[in-house]
Amino acid sequence: MNGIKQILISKEELGKKVKELGNKISNDYEGKDLILVGVLKGGFVFLADLIRELKIPVEIDFISVSSYGSSSKSSGVVRIIKDIDISITNKHVMIVEDIADTGLTLKYLKEMLQTRGPADIKIIAALDKPSRRKVEIDLDYKGFTIPDEFVIGYGLDYAGKYRNLPDLCILDEEVYK
Ligand code: IMP
């Protein structure tokens with residue numbers, strides 16, 4: 001497909017990692033009910049794969065925040081476009097995100113959901129780009145640490161496209177030059 005510079009993480013590697021994460025979470029949450037909050041839009045592919053590797057009862061909900069690159073984002077103010085529908089009071093919650101970049105989205109979401117009185121909140125990110133971090137966040141579970149490259153595929157987009165690529169790829173600079 002046009003716009004791909006190279007494959008960074010293949011779908012096989014992604015699948016293997018998601019299985020490992022699923023096993024770990026299933027062990028850690030044995031005997032507990034878990035609510036997974038997927039962050040739209042990018043988190044939906046990872047969430048869909050992850051839930052099928054879990055052996056514990058889970059409920060799923062989604063939250064949608066303002067898109068990457070907006071001015072509100074760089075100031076750390078994230079706008080909620082769609083909130084979750086279910087109550088998380090006294091529940092075990094895990095935020096499921098595609099990538100931790102500056103960390104602003106995850107920091108905001110965790111603090112916001114914390115005000116609703118959950119039993120606890122953890123964060124899982126498929127990818128971590130620590131070199132770009134602006135605020136400190138704890139990733140309780142993560143898939144891969146990646147270099148400072150703009151990546152597409154496995155749910156991640158550039159200008160709304162490429163989410164459907166099964167591999168995680170580096171975007172060709174020609175696309176945004
Ligand atoms: P943060 O608030 O800066 O951590 O941004 C997280 C969001 O930015 C992610 O949910 C993605 O939607 C987007 N994002 C960050 N890095 C990339 C990338 O390399 N490719 C595509 N989207 C990205």
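Start at 1 and go down the list; that is how both ligands and their atoms are numbered. Just the heavy atoms: all of them, side chains too, but no hydrogens, waters or symmetry mates, feed the values below.
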Undergrad: Are Arg163 and Asp98 close enough for a salt bridge, meaning some N to O gap below 4.0 Å?
TA: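 Looking at Asp98 together with Arg163, the answer is no, because their closest N to O distance does not fall below 4.0 Å.
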Undergrad: So, taking the atom named CG in Leu139 and the one named CG in Leu106, what distance separates them when rounded to the nearest 0.5 Å?
TA: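 Here the rounded value is 7.0 Å.
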Undergrad: Does Gly103, backbone or side chain, put an N or O under 3.5 Å from an N or O of ligand 1?
TA: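 So ligand 1 has an N or O lying under 3.5 Å from an N or O of Gly103.
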Undergrad: When you measure from the centre of the six-membered ring of Phe144, is the NZ or CZ of Lys17 closer than 6.0 Å and no more than 45° off the axis?
TA: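 Positive - Lys17 is close enough to the ring of Phe144 and near enough to its axis.
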Undergrad: Could you tell me if Lys55 and Asn27 have a donor-acceptor pair between their side chains, going purely by distance under 3.5 Å?
TA: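 No.
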Undergrad: Within a distance under 4.0 Å of any heavy atom of Asp98, pick out the atoms of ligand 1 and give their elements.
TA: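 That gives atoms 9 (C), 10 (O), 11 (C), 12 (O) of ligand 1.
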Undergrad: Answer with yes or no whether Glu149 contacts ligand 1, where contact means a heavy atom under 4.0 Å from a ligand atom.
TA: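 Glu149 counts as a contact of ligand 1 under the 4.0 Å cut-off.
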Undergrad: Backbone or side chain, does any N or O of Ile152 fall under 3.5 Å from an N or O of ligand 1?
TA: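 The answer is no, given that Ile152 and ligand 1 share no N or O pair closer than 3.5 Å.
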Undergrad: For Glu149 and Lys129, work out which heavy atoms get closest and say how close.
TA: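 Glu149 and Lys129 have their closest heavy atoms at O-NZ, 3.0 Å.
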Undergrad: If hydrogens are left out, which of Arg132, Lys129, Glu97 has an atom nearest to atom 19 (O) of ligand 1, that is, the closest non-hydrogen atom?
TA: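 Closest candidate by heavy-atom distance is Lys129.
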Undergrad: Give the numbers and elements of all ligand 1 atoms closer than 4.0 Å to a heavy atom of Thr105.
TA: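 Result: 1 (P), 2 (O), 5 (O), 6 (C).
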Undergrad: Check whether any heavy atom of Asp157 sits under 4.0 Å from an atom of ligand 1.
TA: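 Yes; Asp157 lies near enough to ligand 1 that a heavy-atom distance drops under 4.0 Å.
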Undergrad: What's the spacing between Ile95 CD1 and Ile84 CD1 if we round to 0.5 Å?
TA: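 Reported to 0.5 Å precision, the distance equals 9.0 Å.
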Undergrad: Could you tell me, atom by atom, which parts of ligand 1 come under 4.0 Å of a heavy atom of Leu156?
TA: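 Under 4.0 Å from Leu156, ligand 1 has these atoms: 20 (N), 21 (C), 22 (N), 23 (C).
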